[in-house]
Amino acid sequence: MSGQFEASVEIDRPVAEVFAYLADGTNDPEFSPRVQEITRIPDGPTAVGTVFRSTVKDAGMKTAREFLITEFDVPRRIRWSERTKNLVTAEGGYDLEELPGGRTRVRIFNTLTGHGVGKLLVGFALSAARKDAPEFGRRIKAAAEASPRPE
């Protein structure tokens with residue numbers, strides 16, 4: 001079983017800045033409280049083939065996650081796919097759209113898929129993610145707008 005959740009938000013920063021902020025990946029703990037730590041492999045700019053390894057806390061349990069960047073279209077689209085074999089895994093991405101006045105619309109989405117016993121849990125995970133989606137979008141907006149401007 002699988003299902004999708006998504007959120008859209010308008011950010012008061014130019015699309016190139018928002019894309020760079022989201023593409024960094026290591027900024028995720030600034031807007032996703034479930035991400036405890038995250039590293040990028042290899043170190044350096046994000047591109048197709050970059051892997052992000054993280055420790056996340058869901059429902060009181062810590063799990064290791066590994067995501068592969070599968071599509072990277074500057075400054076419009078980022079896609080990822082989870083490589084770890086957790087009970088519930090995610091595939092998703094960001095779509096960015098330039099808006100008038102130096103603003104950016106960001107759509108984030110994830111498709112969650114249950115594996116084994118995770119097929120019984122994925123509905124709960126989706127329900128929680130869908131409920132949090134608007135707030136998740138607001139956290140992305142706040143973090144991106146508060147991030148330092150490029151020099």
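- The side-chain heavy atoms of F19 and T104, taken from C-beta on, include no pair separated by under 4.5 Å.
- Proximity of a side-chain donor or acceptor of R79 to a complementary backbone N or O of T70 within less than 3.5 Å is not detected.
- Proximity of T46 to I69: side-chain heavy atoms (C-beta onward) are separated by under 4.5 Å at one or more points.
- A distance-only check finds no donor-acceptor pair linking the side chain of E97 to the backbone of R105 [under 3.5 Å].
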Going through the checks in order, is the salt bridge (charged side-chain N to carboxylate O under 4.0 Å, His left out) test met by R13 and E145? CA-CA 6 Å; R13 296 287 282 269; E145 289 176 356; over 6 Å; no

Going through the distances and angles, do D28 and R34 end up as a salt bridge (charged side-chain N to carboxylate O under 4.0 Å, His left out)? CA-CA 9 Å; D28 285 13; R34 57 188 291 274; over 6 Å; no

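- When all heavy atoms of A64 and N86 are compared, the pair lying nearest together is O-ND2, 3.1 Å.
- Within the 4.5 Å cutoff, the side chain of V106 has no heavy atoms near those of the D95 side chain.
- Here E66 pairs with V51, R53, R83, T84 under the side-chain contact (heavy atoms from CB on, under 4.5 Å) rule; sequence neighbours left out.
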Is there a side chain to side chain contact (heavy atoms under 4.5 Å, CB included) between D132 and R130? Walk through the geometry before answering. CA-CA 5 Å; D132 183 56; R130 287 174 178 153; over 6 Å; no

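- Between L112 and V122, the closest heavy-atom pair is O-CG2, 3.7 Å.
- How far NZ of K62 is from NZ of K57: 6.0 Å, rounded to the nearest 0.5 Å.
- F52 and V88 fall into different hydrophobic clusters, where Ile, Leu, Val, Met, Phe, Trp and Tyr side chains are chained together by heavy-atom contacts under 4.5 Å.
- For the atom pair I140 CD1 and N27 CG, the distance stands at 11.0 Å (nearest 0.5 Å).
- When all heavy atoms of A7 and A133 are compared, the closest pair comes out as CB-O, 3.2 Å.
- Ring centroid separation for the pair Y94 and Y21 does not come in under the 6.0 Å cut-off.
- Contacts of R138 classified as salt bridge (charged side-chain N to carboxylate O under 4.0 Å, His left out), with partners at least two apart in sequence or in another chain: E135.
- Rounded to the nearest 0.5 angstrom, L96 CG and I78 CD1 are separated by 6.5 Å.
- Contacts classified as side-chain hydrogen bond (donor to acceptor under 3.5 Å, both in side chains) and involving residues 109-126 (residues at least two apart or in different chains) are given here: Q4-T111, W80-N110, T89-H115.
- Ring geometry for F136 against F5 counts as perpendicular: the plane angle is over 60°, on a 0 to 90° scale with 30° as the lower cut.
- Here the closest non-hydrogen pair linking V35 and S54 is CG1-CB, 4.4 Å.
- Residues F124 and L87 are members of separate hydrophobic clusters, defined by side-chain heavy-atom contacts under 4.5 angstrom among Ile, Leu, Val, Met, Phe, Trp and Tyr.
- When all heavy atoms of I11 and K141 are compared, the pair lying nearest together is CG1-CA, 3.9 Å.
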Stepwise, does the side chain to side chain contact (heavy atoms under 4.5 Å, CB included) test hold for F31 with L22? CA-CA 10 Å; F31 54 82; L22 294 172; 4.1 Å; yes

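- Using a 4.0 Å cut-off between a side-chain N of Lys or Arg and a carboxylate O of Asp or Glu, R77 and E71 qualify as a salt bridge.
- Side chain of R139 to main chain of A143: no donor-acceptor pair is present (N/O by atom type, distance under 3.5 Å, no hydrogens or angles).
- A donor-acceptor pair is defined here as one N or O able to donate and one able to accept, closer than 3.5 Å; such a pair exists between the side chain of E82 and the backbone of A90.
- To the nearest 0.5 Å, the span separating OG1 on T50 from CZ on F67 amounts to 14.5 Å.
- From D24, atom CG reaches atom OG of S147 across 10.0 Å, with rounding to the nearest 0.5 Å.
- Separating the CG atom in L126 from the OG atom in S2 is a distance of 8.0 Å, to the nearest 0.5 Å.
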